[in-house]
Amino acid sequence: MKQGYSPADYTAVQAARTFLALHIPQHDTERFLNVLNTLFSTGEVTELVALYAALPLFPHPELLKERAAEGIRTSMTVVFDAVALNNPYPADFLENDAWNQMVLKAVFLERPLYKIYGLDKRANKELAKMLSDFAHERWAASRYVTPELWRSVGPFLDERLIRDIEYILERGSDLEKQAAALAVKSSNFLKGRELLFSIPELKASIENNEFDWHTVAQKWSER
Amino acid sequence: MLFIDPHVHMVSRTTDDYEAMAAAGVVAIIEPSFWQGQPRTEAGTFKDYFSSLIGWERFRASQFGIKHYCTIGLNSKEANNEALAEQVIELLPLFATKEGVVAIGEIGYDDQTKAEDKYFRIQLELAKELNLPVQIHTPHRDKKRGTTRSMDVCIEHGLKPSMVIIDHNNEETVREVLDRGFWSAFTIYPKTKMGNERMVEVVKRFGHERIMVDSSADWGVSDPLAVPKTANLMLQRGISPESVRLTCYQNALTAYGQSGQMKESDWLNPQGVDQTQLFSGNSVLRGQNPLVQKKEGGIIE
């Protein structure tokens with residue numbers, strides 16, 4: 001079974017659709033892609049969910065990148081989830097630009113980021129900057145932003161991005177401070193460590209593993 | 001009280017309408033395939049339109065807790081472009097068997113031309129083949145003759161009247177439609193179609209059997225709350241709650257439920273079909289709930 005692919009949660013209908021999709025004749029690549037394309041372009045909501053979730057199973061995955069990107073552009077949240085969450089295809093095959101758009105959109109749509117397979121593996125500097133900019137936009141509008149976002153920023157902390165951490169440690173909620181602490185923990189940037197040490201209770205609780213990205217995400221969704 | 005609007009063109013309606021419908025108790029709607037206000041010229045626009053009925057519009061409705069079903073078909077007006085009509089007929093089987101497609105429709109006559117007649121008949125055969133109900137749009141001009149003719153042609157093609165919903169009825173057409181065993185739908189639409197006071201009289205005269213009410217709210221000045229408003233008026237004017245339940249909910253469910261694609265449990269006990277059911281926090285069975293802004297006052301957050 002492909003790592004990251006999780007059909008355990010499938011309903012019977014989705015399993016049946018996946019099964020049928022896997023029986024599209026695969027030997028003639030062009031024909032296979034045409035059939036797949038027709039299915040995608042005429043698909044009903046739950047059919048689209050099944051097809052996008054099945055992306056990791058199809059042959060010629062390099063040829064399906066545009067299709068995956070199209071799925072990410074959808075306005076139907078359930079379809080977006082099928083591509084972005086619990087699906088190894090994006091992490092394994094999407095170029096950085098498309099990956100970054102997916103993560104940013106997941107933040108925008110308030111999807112649970114911890115369900116994005118390969119989130120840590122695919123973190124990159126460009127994405128860190130985009131996420132930081134998005135947070136600034138939200139703060140300027142006096143709107144909230146998910147603390148999960150800092151997970152992809154942490155590994156790339158630098159002189160500029162550390163100011164976001166400072167901001168949160170000063171004014172953020174307890175949950176946001178936990179996220180900031182986790183971000184610092186994933187970073188080699190010394191200034192981050194210093195900031196964390198300046199808040200003993202936070203430093204202690206992170207050293208005792210009292211929280212992680214999963215608990216932060218859970219608490220955020222329950223608020 | 002729960003309501004079904006079995007004929008409403010939501011592609012032309014805003015989220016304000018969805019909010020109002022949901023608040024008024026509309027739990028399920030049927031959106032017919034129709035024309036878009038000006039004639040289409042390419043088959044591709046039909047394909048994408050059908051796609052949006054089973055995709056985006058269905059999802060959009062779900063954000064407001066409303067179950068969205070649709071009918072698939074080539075409408076009478078656009079059947080007059082024969083070259084285009086031929087291509088659209090080829091597309092229908094791709095969509096007619098999708099989940100949530102409850103009938104072939106809305107088909108029938110507009111001007112009662114030969115082309116309209118040709119494609120009406122072809123689609124009746126398709127409905128028979130797929131064992132789907134048929135939703136009939138009766139003409140707004142020369143309605144009485146067009147309605148009779150629609151029913152004649154259905155019988156000629158061997159359709160069971162109980163599988164056919166004749167829509168846009170009025171005082172002149174209802175008797176024959178009921179006598180011949182068809183379902184009789186009434187469109188409560190200001191100025192040009194039925195009014196709800198008249199509807200009250202129709203139900204008082206003809207009863208509630210095989211009668212249903214819809215809004216056909218579309219891109220014109222129309223009211224997506226026509227069904228709940230008509231129900232309220234009926235109650236006020238002394239029609240029994242049971243008759244209201246039948247005409248504003250149950251009969252639509254019974255008629256279109258014959259497709260096997262529409263069941264009361266869809267909205268009373270929604271099954272967890274979505275993977276999102278497994279994610280904590282977000283509205284589970286209905287997709288993302290948009291933040292509903294307060295409408296009073298000038299503040300938009």
Side-chain angles (χ1 to χ4, degrees), chain A residues 6-17 35 38-53 71 74-87 105-106 108-116 141-144 146 148 214-215 217-223, chain B residues 15 31 43-63 67-70 72 88 90-102 261 266 270-291 293 299-301:
Chain A
S6 51
D9 303 325
Y10 276 13
T11 59
V13 175
Q14 183 164 1
R17 285 178 166 144
V35 172
T38 303
L39 290 176
F40 272 108
S41 73
T42 59
E44 174 266 335
V45 186
T46 51
E47 287 175 345
L48 291 174
V49 167
L51 289 170
Y52 280 113
T74 185
S75 301
M76 296 184 263
T77 319
V78 289
V79 176
F80 176 83
D81 285 358
V83 192
L85 306 181
N86 292 339
N87 189 335
K105 185 160 176 177
F108 192 81
L109 293 181
E110 302 185 34
R111 310 316 294 143
L113 299 190
Y114 72 96
K115 304 237 178 200
I116 297 178
S142 302
R143 290 172 174 169
Y144 58 78
T146 175
E148 277 194 283
H214 196 111
T215 62
Q218 288 292 132
K219 288 227 169 64
W220 178 252
S221 69
E222 284 160 14
R223 83 196 181 288
Chain B
T15 55
E31 178 160 8
T45 61
F46 274 95
K47 178 176 174 250
D48 290 339
Y49 170 71
F50 293 145
S51 235
S52 74
L53 291 181
I54 58 174
W56 174 239
E57 202 55 46
R58 182 173 291 182
F59 176 76
R60 200 165 78 108
S62 75
Q63 293 185 306
K67 287 294 297 186
H68 178 288
Y69 306 87
C70 67
I72 294 291
V88 177
E90 293 296 304
L91 286 174
L92 297 184
L94 271 180
F95 294 96
T97 53
K98 297 287 185 180
E99 209 174 294
V101 174
V102 296
Q261 293 299 319
D266 291 347
Q271 296 305 312
V273 179
D274 299 342
Q275 282 185 312
T276 53
Q277 183 175 40
L278 309 163
F279 301 147
S280 59
N282 284 294
S283 173
V284 157
L285 301 155
R286 303 201 165 152
Q288 189 84 352
N289 272 341
L291 291 168
Q293 313 260 1
I299 306 295
I300 297 170
E301 267 170 36

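Note on naming: letters A, B, ... go to the chains in the order of the sequence lines (proteins, then strands), and numbering restarts at 1 for each one.
With a 4.5 Å cut-off on non-hydrogen atoms, A:S41 touches chain B through its backbone and its side chain both. Neither the backbone nor the side chain of A:R223 comes within contact range of chain B, judged by heavy atoms closer than 4.5 Å.
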For this session: Quick one: do B:V101 and B:F95 satisfy side chain to side chain contact (heavy atoms under 4.5 Å, CB included)? Show the steps, please.
Result: CA-CA 8 Å; B:V101 174; B:F95 294 96; 5.8 Å; no
Exercise. How far apart are the C-alpha atoms of A:R17 and B:E99, what are their side-chain angles, what is the distance that settles it, and do they pass the salt bridge (Lys or Arg N to Asp or Glu O under 4.0 Å) test?
Worked result: CA-CA 12 Å; A:R17 285 178 166 144; B:E99 209 174 294; 2.8 Å; yes
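Interface check for chain B: of the options A:T74, A:V79, A:T38, A:T42, the most heavy-atom pairs under 4.5 Å are formed by A:T42.
Evaluation of the salt bridge (charged side-chain N to carboxylate O under 4.0 Å, His left out) test over residues 43-57 of chain B, restricted to residues two or more places apart or in two chains, returns B:E57-B:R60.
Annotation: salt bridge (Lys or Arg N to Asp or Glu O under 4.0 Å) contacts of B:K98 (sequence neighbours excluded): A:E47.
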